[in-house]
Amino acid sequence: MWLPIAVVVLLVAFFSLATESFATWRNFTSLSGQAGALLIVCLGGSFIILMGSIDLSVGAIVLFVAAASVQILNNTDVGGGIFFVAAAIGAALGLVNGLVYAVGRVPSFVVTLGTLSIFSGLALQILQGRAIQFDLPGFEEIAIGQLVPRLPNIALCALLAWGGIVLVANRTRFGRYMALIGGGETVARTAGIPVRRYKIYAFALAGLLTGIGAILIVARLGAAGPSVGQDLLLSSLAAIVVGGTSLSGGVGGPHRTLIGVLIITIIDNGLNLMGVSQYSQMVVKGAVVIAAVLVSRERSLSALVK
């Protein structure tokens, strides 16, 4: 647990020395906004990886929810109720993943790889290849406003969500079952845990949180476009694993994801300020994921991804 925290401190020190614009209040506000969006999306995915599965469709769910939500905003008078609509759409998409995975007994990698293509295709049909702005004055304040000075509302929402999810992970049967399933599915079944049902719950919860994250991202950007959620698959997976949740399952949880999100966001932000190209940043992120998995293997002596 202390290693990721040490990495955060080292990264902050390095980028503060490498560029004068990093250690500023203006950059802190920008960085916290980026981290807030990523954290919300990662929270549900932390449970999925904790139970030894994987979700490759997270970026596609964000894209679909963003596209559908903007169309609903512009064509109905739903107003602030769009948050409930986005959460419901995300939960429904996550439920599809969970049902095919748990009831159909198809590996989560295969299921979510397929739905990644399906959800993305449907979203792009809605958008028709163009960005669509929302028509609701003041809606962007939900994400970029600052109830707490220098802290965007999207970051505040993310911290509140993180606190709630950590309580769920540590204080509820659902959270304990996720770790038990990831630690050994056969043992969990023998202990009487309804494994199939809780797998479905995990994917539905991940979809719900991703849907909320998607509508906040739309509010922050001011529109939904074909590129929304494009880099979230790698970033979310990197943040969860770097934070200390093992891809083999049973170790970690959402309480560690906050540190992983900070690491990935600081790397993105610092490299951008240094003028490093987006393609080089992809190389760095990929290397970070591999390094984190190698460290995780050394700790757990296991590398089985279900």
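- A donor-acceptor pair is defined here as one N or O able to donate and one able to accept, closer than 3.5 Å; no such pair exists between the side chain of Thr29 and the backbone of Leu151.
- Interatomic distance, Leu247 CG to Ile240 CD1, rounded to the nearest 0.5 Å: 9.0 Å.
- In terms of the side-chain contact (heavy atoms from CB on, under 4.5 Å) criterion, residue partners of Ile290 (sequence neighbours excluded) are, by chain and number, Leu294.
- Considering all non-hydrogen atoms of both residues, Thr210 and Ile61 come closest at CG2-CG2, 3.7 Å.
- In the displayed structure, Gln128 atom CD is contacted under 6.0 Å by more than 12 heavy atoms of other residues, nucleotides or ligands.
- Every pair tested for side-chain hydrogen bond (donor to acceptor under 3.5 Å, both in side chains) that includes a residue from residues 161-177 fails, sequence neighbours excluded, so the list is empty.
- For Asn75, the CG atom is densely surrounded, since the number of other residues' heavy atoms within 6.0 Å is greater than 12.
- Taking Arg189 as the reference, Glu185 meet the salt bridge (Lys or Arg N to Asp or Glu O under 4.0 Å) condition, with sequence neighbours excluded.
- Shown here are the side chain to side chain donor-acceptor pair (under 3.5 Å) partners of Ser277, two or more places apart in sequence or in another chain: Ser280.
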Less than 3.5 Å apart, which donor and acceptor atoms pair up between the side chains of residues 114-124 and the rest of the protein, not counting sequence neighbours?
{"residue": "Thr115", "atom": "OG1", "partner": "Asn97", "partner atom": "OD1", "Å": "2.8"}
{"residue": "Thr115", "atom": "OG1", "partner": "Val111", "partner atom": "O", "Å": "3.2"}
{"residue": "Thr115", "atom": "OG1", "partner": "Thr112", "partner atom": "O", "Å": "3.3"}
{"residue": "Ser120", "atom": "OG", "partner": "Leu116", "partner atom": "O", "Å": "2.7"}

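- Remark: Phe174 CZ is packed, more than 12 non-hydrogen atoms of other residues, nucleotides or ligands lying under 6.0 Å away.
- Annotation: side chain of Ile49 is in contact with side chain of Leu237 (closest heavy-atom distance under 4.5 Å).
- Residues that satisfy the side chain to side chain donor-acceptor pair (under 3.5 Å) test with Ser21, not counting sequence neighbours, are Thr19.
- The two atoms that bring Val8 and Ile263 nearest to each other are CG2-CG1, 3.5 Å, heavy atoms only.
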Taking distance alone, no hydrogens or angles, what donor-acceptor pairs closer than 3.5 Å link side-chain atoms of residues 190-197 to residues at least two apart or in another chain?
{"residue": "Thr190", "atom": "OG1", "partner": "Thr186", "partner atom": "O", "Å": "2.9"}

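- Among pairs with a residue in residues 227-236, those fulfilling side-chain hydrogen bond (donor to acceptor under 3.5 Å, both in side chains) read Ser235-Lys285, at least two apart in sequence or across chains.
- Each side-chain hydrogen bond (donor to acceptor under 3.5 Å, both in side chains) pair with one or both residues in residues 33-45, not counting sequence neighbours, would appear here, but there are none.
- Scanning for side-chain contact (heavy atoms from CB on, under 4.5 Å) contacts around Ile165 gives Leu43, Phe47, Leu209, Pro254, with sequence neighbours left out.
- For Val284, the side-chain contact (heavy atoms from CB on, under 4.5 Å) test picks out Ile267, Leu271, Val288, with sequence neighbours left out.
- In this structure the side chain of Tyr201 never reaches within 4.5 angstrom of the side chain of Leu205, judged on heavy atoms.
- Remark: Ile142 pairs with Phe83, Phe139, Leu216 by the side-chain contact (heavy atoms from CB on, under 4.5 Å) rule, at least two apart or across chains.
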